[in-house]
Amino acid sequence: MVRRGELTDEAWAVISSLLPEPGGARGRWRWRWRWRWRDHRQVINGILWKLRTGAPWRDLPERFGPWKTCHERLRCWTADGTWDRILAAAEVYDDGAPVQWTISIDSSIVRAHQHAAGARKKGGSPTSAATSGAQDGEAIGRSRGGLSTKIHLAVDGRGRPLSILLTPGQAGDNPQLLALLDAIRVNEPGPGRPRKRPDVLIADKGYAHDSTRRALRQRGIRHVIPELSDQVARRAAKGSTGGRPPAFDKAIYRKRNVVERCFNRLKQWRDLATRYAKRASLYRAGLVLIAAIIWLR
């Protein structure tokens with residue numbers, strides 16, 4: 001019987017072939033004192049339970065096996081790219097609703113719990129990392145609200161995640177736009193390279209920079225981004241030499257709410273609504289896994 005929050009039979013059928021074979025070079029998972037062999041589906045359900053509840057790893061119910069096994073596979077499959085392969089397969093899963101290439105992007109800040117601080121740096125100690133203003137490479141920044149991480153997200157026209165990036169909480173949105181677009185790679189059916197370029201890009205005023213608009217025009221990407229008030233005033237002050245305002249379609253811009261709804265779905269998983277993981281790679285792995293679940297439901 002499939003319990004609430006666990007993998008459905010349909011989702012398992014899609015991802016099971018992408019997991020390492022037990023006993024292979026990528027499939028042996030050693031516990032500290034003895035060998036433990038656990039069914040992959042059982043372990044992923046344990047990881048999903050942890051993401052849904054936000055509980056410490058040591059509180060994992062016994063039906064999922066040793067907590068160290070679940071944590072170790074989360075870590076190993078993060079390192080070898082298994083979670084990203086699962087998301088790539090989910091994006092092209094034939095459920096009758098292919099990718100809609102009206103892309104919306106935005107960011108959202110999550111509070112980093114005190115347990116997320118203190119990841120060991122190279123040549124440093126956990127104490128020095130915890131007391132510094134930000135942890136280099138771990139996407140944790142210190143701002144007025146305390147330690148935080150910012151999630152940058154691109155979704156398709158139905159609000160399904162296409163790419164995910166992490167930065168410290170105080171980082172700006174606009175510098176991540178092109179990197180977020182470059183991270184989109186959808187292997188559509190048939191021959192050819194993965195598709196990366198959207199039909200339309202929708203973003204809010206946080207991305208309304210002249211350099212961004214130029215970069216998007218150079219890539220041939222139609223975009224719907226409102227102007228900032230100071231940009232409107234500066235153009236008006238120049239009179240006839242100020243040029244025309246950028247094209248803006250209000251009807252298309254109303255569709256941007258899908259990215260906000262996607263953030264709401266991700267943050268229903270308590271381990272993602274508050275960051276507990278010390279390593280940014282493990283926190284992102286949880287986001288990628290839940291993004292795949294969203295595609296497969």
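Side-chain atoms of Thr82 and Arg85 include a donor-acceptor pair closer than 3.5 Å. In summary, the side chains of Lys205 and Ser229 do not present any donor paired with an acceptor at a separation below 3.5 Å, with no hydrogens or angles considered. Judged by distance alone, the side chains of Arg275 and Thr149 do bring a donor and an acceptor atom under 3.5 Å apart.
A 4.5 Å side-chain heavy-atom check between Val110 and Leu272 finds every atom pair outside the cut-off. You'll find the side chain of Trp12 reaches within 4.5 Å of the side chain of Leu19, heavy atoms only. With contacts defined as side-chain heavy-atom distances shorter than 4.5 Å, the pair Leu153/Pro161 qualifies. Between Ile151 and Tyr283 there is a side-chain heavy-atom pair separated by less than 4.5 Å. For the pair Ile221/Leu181, a side-chain contact is recorded, criterion being any heavy-atom separation below 4.5 Å from C-beta on. In this structure the side chain of Ile202 reaches within 4.5 angstrom of the side chain of Ser104, judged on heavy atoms. Put simply, the side chain of Pro198 does not reach to within 4.5 Å of the side chain of Thr102, judged on heavy atoms. Taking 4.5 Å as the limit, every side-chain heavy atom of Cys262 sits out of range of all side-chain heavy atoms of Arg160.
In this structure, the separation between OG on Ser281 and CZ on Arg75 is 9.5 Å, given to the nearest 0.5 Å. Rounding to the nearest 0.5 Å gives a distance of 9.0 Å between OG1 of Thr212 and NE2 of His223. For the atom pair Arg261 CZ and Asn257 CG, the distance stands at 4.5 Å (nearest 0.5 Å). Between the CD atom of Gln268 and the CZ atom of Phe263 there is a distance of 14.0 Å, given to the nearest 0.5 Å. For the atom pair His209 NE2 and Leu216 CG, the distance stands at 12.0 Å (nearest 0.5 Å). Taking CG of Leu74 as the reference point, atom OG1 of Thr69 lies at 12.5 Å (rounded to 0.5 Å).
Salt-bridge formation is not detected for the pair Arg185/Asp84: no Lys NZ or Arg NE/NH1/NH2 atom is positioned less than 4.0 Å from an Asp or Glu carboxylate oxygen. A salt bridge is defined here as a Lys NZ or Arg NE, NH1 or NH2 lying under 4.0 Å from an Asp or Glu carboxylate O, and Lys278 with Glu138 fails to meet this definition.
In the hydrophobic cluster analysis, where Ile, Leu, Val, Met, Phe, Trp and Tyr join through side-chain heavy atoms closer than 4.5 angstrom, Val200 is grouped apart from Leu180. Under the 4.5 Å side-chain contact rule for hydrophobic residues, Phe248 and Leu201 do not share a cluster. If you chain together hydrophobic residues whose side chains sit under 4.5 Å apart, Tyr207 and Ile252 never meet in one group. When the side chains of ILVMFWY residues are joined at heavy-atom separations under 4.5 Å, either directly or via intervening members, Leu228 and Val224 end up in two distinct hydrophobic clusters. Under the 4.5 Å side-chain heavy-atom criterion for ILVMFWY residues, a single connected hydrophobic cluster contains both Val92 and Trp101.
Judged purely by atom type and a 3.5 angstrom limit, Arg219 has no side-chain atom pairing as donor or acceptor with the backbone of Arg222. Using a distance-only test at 3.5 Å, with no hydrogens or angles considered, no donor-acceptor pair links the side chain of Asp59 to the main chain of Ala55. The backbone N or O of His115 sits less than 3.5 Å from a side-chain atom of His113, completing a donor-acceptor pair. In this structure a side-chain-to-backbone donor-acceptor pair under 3.5 Å is missing from Arg265 to Glu260. A donor-acceptor distance shorter than 3.5 angstrom exists from the side chain of Arg41 to the backbone of Leu7, with no hydrogens or angles considered. Between the side chain of Asp173 and the backbone N or O of Gly206, no donor-acceptor pair lies under 3.5 Å. A donor-acceptor pair is defined here as one N or O able to donate and one able to accept, closer than 3.5 Å; no such pair exists between the side chain of Trp269 and the backbone of Ile290. When atom types are taken as modelled, the side chain of His40 and the backbone of Pro20 share a donor-acceptor pair closer than 3.5 angstrom.
Contact record, Asp249 with Ala251: OD1-N, 3.0 Å, taken as the closest heavy-atom pair. Contact detail for Ala97 and Arg158: the closest heavy-atom pair is CB-NH1, 2.5 Å. Scanning both residues, Ile109 and Ser148, for their nearest heavy atoms gives CG2-CB, 3.7 Å. Leu166 approaches Ala139 most closely through the heavy-atom pair CB-CB, 3.9 Å. Residues Ala203 and Pro226 approach most closely at O-CD, 3.3 Å, considering heavy atoms. Closest heavy-atom contact between Ala215 and Leu178: CB-CD1, 4.0 Å.
Phe64 and Trp49 have tilted rings, their planes meeting at an angle from 30° to 60° on a 0 to 90° scale. A perpendicular orientation is assigned to the rings of His71 and Trp57, their planes being inclined by more than 60° (bins at 30° and 60°).
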List the steps and the verdict of side-chain contact (heavy atoms from CB on, under 4.5 Å) for Leu287 and Trp83. CA-CA 10 Å; Leu287 289 167; Trp83 302 119; over 6 Å; no
Take Asp204 and Ile225, measure what side-chain contact (heavy atoms from CB on, under 4.5 Å) needs, and give me the verdict at the end. CA-CA 6 Å; Asp204 62 15; Ile225 304 175; over 6 Å; no
For Leu162 and Val186, what are the C-alpha separation, side-chain angles and deciding distance, and is it a side-chain contact (heavy atoms from CB on, under 4.5 Å)? CA-CA 8 Å; Leu162 292 172; Val186 178; 4.0 Å; yes
Passes side-chain contact (heavy atoms from CB on, under 4.5 Å), Val99 versus Trp295? Steps please. CA-CA 10 Å; Val99 177; Trp295 276 92; 3.6 Å; yes
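Considering only residues two or more places apart in sequence or on other chains, Lys255 meets the salt bridge (charged side-chain N to carboxylate O under 4.0 Å, His left out) condition with none of them. Asp271 meets the side-chain contact (heavy atoms from CB on, under 4.5 Å) test with Lys50, Leu51, Tyr276; sequence neighbours excluded. Take Arg195 and apply the salt bridge (charged side-chain N to carboxylate O under 4.0 Å, His left out) test, not counting sequence neighbours, and it matches Asp199.
The side-chain contact (heavy atoms from CB on, under 4.5 Å) with His152 is formed by just one residue from the set Ile105, Thr167, Ile164, Asp106; it is Thr167.
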